[in-house]
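Comments concern the structure below.
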Amino acid sequence: MAYTRITAAEGAAMINDGDYIALGGFTPNGVPKAVFRELSKRAIREHEAGKPFQVGILTGASSLQSVEGDMANAHAIKFRAPFSTNKDFRTHTNLGEIDYEDMHLGHMAERLRHGFYGTVDWAIIEVSSIEENDDVCKACLTSAGGIATTIAHLAKRVILEFNHFHSPVARLLHDCYEPGECGFARQPIPIIHVNDKVGNDYIEIDAKKIVGVVDCNIPEEARAFKALTPETTQIGYNVAEFLVAERDTGRIPPQFLPLQSGVGATGNAVLQALGQDPKIPHFEVYSEVVQDAAIDLMEKGIITNASATAMTVTNECLQRVYDNIRYFKQHLTIRQSEIANSPEVIRRLGVIALNTPLECDIYGNENSSHICGSKLMNGIGGSCDYERNGYISIFTTPSTAKDGKISSIVPMCCHVDSTEHDVDVIVTEQGVADLRGKGPVRRAHEIIEHCAHPDYRPLLRDYLNHIAPIGHEPQSMRAALAFHDTLLRKGDMRLTDFAEYI
């Protein structure tokens, strides 16, 4: 059976106002691009003609400018879940234009299966090769997994974007596995080692659902992460020193444990520092993403095996993987997000979780998603899947932002994504605060003295020692958000005067 070839514009024309569209991919990588580039143009034309046109967008993680950025600018997003890092989407969401649910990534596939988001009208999936037949299409993914396995059988209709930019050898990296339904029928996910493969290297799609295949050749809308700074480099060294000490005391076994590292410059810096430290043995990665730094360390044999939902890498790095597929197929596995973020597997493997917050407070709560309590920055992504279930949960952040005007260590987080109960260690370029086995006041002293910037330590000491009333976890409701209030009024947290709040 030869599937109908359609153009991206023809695909976009089939979608109706109010439809819910689910996409393959995870982060900007592996996300279908061609149809949505036409869909945002169509939305503009519909609106100019006075017609309503908005859709729901459901993905495995963040996506890219061609999807949520351009659609947000076209005022064409009715609902969005579970995660975004796009600037234009953020702008329109903060204006109250988009109904956005910030969600744990590991829950997304199961919520879709159980109908939490209603009917999935469309699945659009980027593929690197297709086996066409009358009954079941075997489609092979590109540089990411995401929720593709789930949406392939849930959606009423499917469009495949056959992106010839990707090599068909991408198939050799994938492990497409979907757990059984919850209840007595659900079996354990049989992953015992980081590089175990337990599913197929393709996804299955009912051929009758496929309304068309869009041939395209579109590079990833990849992003190069910011260069290392002295602060992020020092954070990496601090993490490495902490983990070496944990290994020396026997709290980490001699062979080490798998690491999870969040997306971004700080995550890259930490991996580079670990790779350069002669006291750190060769190690494995069990994570949502592998970035350029991880691929570099894999080529050197320092990372022996890696499991992720996406290669969130530059196009040049991606091509290196394809060119050296005989090596990488033995050491790199791309999974569906439900498996990569599975609490069961994370706990079984003893993953050390490394994530980056916007701010942490003096008791160990952290905020990854909102500025000054209400303004969306990104979202929690999969950080909580890992830090809540990891063997050690570490949050890494520079101690200040915006040239020192913002402290990453505050009296009270203005929004909480991970509570103090789930945060073990905080690391800044200033040092390491180990919160394990300490009550609230001891944690506060640890964080202030080891992680806060010197410009802010006197203010934080003043808050803890003189402002907050007595209690198990001392807080002053009048003064707890004084840093944030001062930032909003004066533009610099260093100008905080707690006397104003007494």
Side-chain angles (χ1 to χ4, degrees), residues 11-12 15-29 31-109 111-112 115-124 146-147 151 154-155 221 223 263 337 358 367-384 414-417:
I15 295 168
N16 299 314
D17 174 49
D19 281 354
Y20 271 61
I21 308 168
L23 305 180
F26 193 94
T27 69
N29 290 58
V31 175
K33 310 158 188 66
V35 170
F36 262 89
R37 290 182 179 184
E38 296 299 327
L39 193 63
S40 58
K41 297 175 187 175
R42 180 185 163 201
I44 292 171
R45 293 194 301 269
E46 298 283 2
H47 293 161
E48 289 174 345
K51 298 178 182 179
F53 191 85
Q54 287 190 322
V55 298
I57 300 175
L58 307 168
T59 58
S62 59
S63 61
L64 38 75
Q65 182 65 30
S66 293
V67 174
E68 55 193 328
D70 292 348
M71 289 292 283
N73 288 335
H75 307 285
I77 303 178
K78 175 182 179 181
F79 175 77
R80 173 82 175 95
F83 181 51
S84 175
T85 60
N86 182 270
K87 181 179 182 297
D88 291 330
F89 174 86
R90 178 164 62 242
T91 296
H92 290 279
T93 299
N94 284 325
L95 290 171
E97 298 175 4
I98 298 171
D99 185 15
Y100 167 55
E101 183 187 24
D102 181 18
M103 254 281 301
H104 302 296
L105 304 187
H107 292 181
M108 192 64 187
R111 287 189 168 214
L112 283 166
F116 285 27
Y117 301 107
T119 300
V120 179
D121 298 293
W122 295 91
I124 306 178
I147 54 174
I151 64 175
L154 285 181
E221 293 182 20
R223 55 191 179 193
V263 179
S337 52
L358 291 173
N367 167 26
S368 299
S369 59
H370 288 78
I371 296 172
C372 289
S374 60
K375 188 176 180 181
L376 175 71
M377 182 61 185
N378 294 311
I380 57 172
S383 61
C384 294
C414 61
H415 174 96
V416 174
D417 290 306

[X]: which residues meet the side-chain hydrogen bond (donor to acceptor under 3.5 Å, both in side chains) condition with it, sequence neighbours left out?
X: Q54; value: none
X: N29; value: none
X: S62; value: none
X: S66; value: R37, E221

Return the minimal non-hydrogen interatomic distance between [X] and [Y], and the atom names on each side.
X: P82; Y: L105; value: CG-CD2, 3.4 Å
X: D88; Y: G69; value: CB-O, 3.8 Å
X: T27; Y: A61; value: N-CB, 3.8 Å
X: D121; Y: Y20; value: OD2-N, 2.8 Å
X: I147; Y: S337; value: CG2-OG, 3.7 Å

Non-hydrogen side-chain atoms of [X] and [Y] separated by less than 4.5 Å:
X: R111; Y: E101; value: yes
X: N86; Y: Q65; value: yes
X: V67; Y: I57; value: yes
X: L358; Y: S368; value: no
X: I77; Y: V55; value: no
X: C414; Y: N367; value: yes
X: M108; Y: T59; value: no

If you measure from [atom1] on [X] to [atom2] on [Y], what distance do you get to the nearest 0.5 Å?
X: D70; Y: E38; atom1: CG; atom2: CD; value: 11.0 Å
X: E46; Y: K41; atom1: CD; atom2: NZ; value: 15.0 Å
X: I15; Y: F36; atom1: CD1; atom2: CZ; value: 6.0 Å
X: N73; Y: T91; atom1: CG; atom2: OG1; value: 8.0 Å
X: L58; Y: I151; atom1: CG; atom2: CD1; value: 8.5 Å
X: S40; Y: M71; atom1: OG; atom2: CE; value: 6.5 Å

> Which pairs count as ring-ring contact (aromatic ring centres under 6.0 Å, His included) when at least one residue sits in residues 77-101, sequence neighbours excluded?
Replying inline: H75-H92, F79-Y117, F89-Y100
>> Checking R45 against E48 for the salt bridge (charged side-chain N to carboxylate O under 4.0 Å, His left out) test, could you report, in this order, the C-alpha distance in whole Å, the side-chain angles of both residues, the deciding distance, and whether it holds?
In response: CA-CA 5 Å; R45 293 194 301 269; E48 289 174 345; over 6 Å; no
> Is there a donor-acceptor contact under 3.5 Å linking the side chains of R80 and T93?
Replying inline: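 Their side chains do not contain a donor-acceptor pair, so the 3.5 Å distance test is not met.
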Can you list, pair by pair, the side-chain donor-acceptor contacts under 3.5 Å of residues 371-384, counting residues two or more places apart and other chains?
from	atom 1	to	atom 2	distance (Å)
N378	OD1	R90	NH1	3.4
S383	OG	I380	O	2.8

>> My understanding is that only one of L64, I21, I124 makes a side chain to side chain contact (heavy atoms under 4.5 Å, CB included) with P32; could you say which?
In response: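 In the set L64, I21, I124, the residue that makes a side chain to side chain contact (heavy atoms under 4.5 Å, CB included) with P32 is I124.
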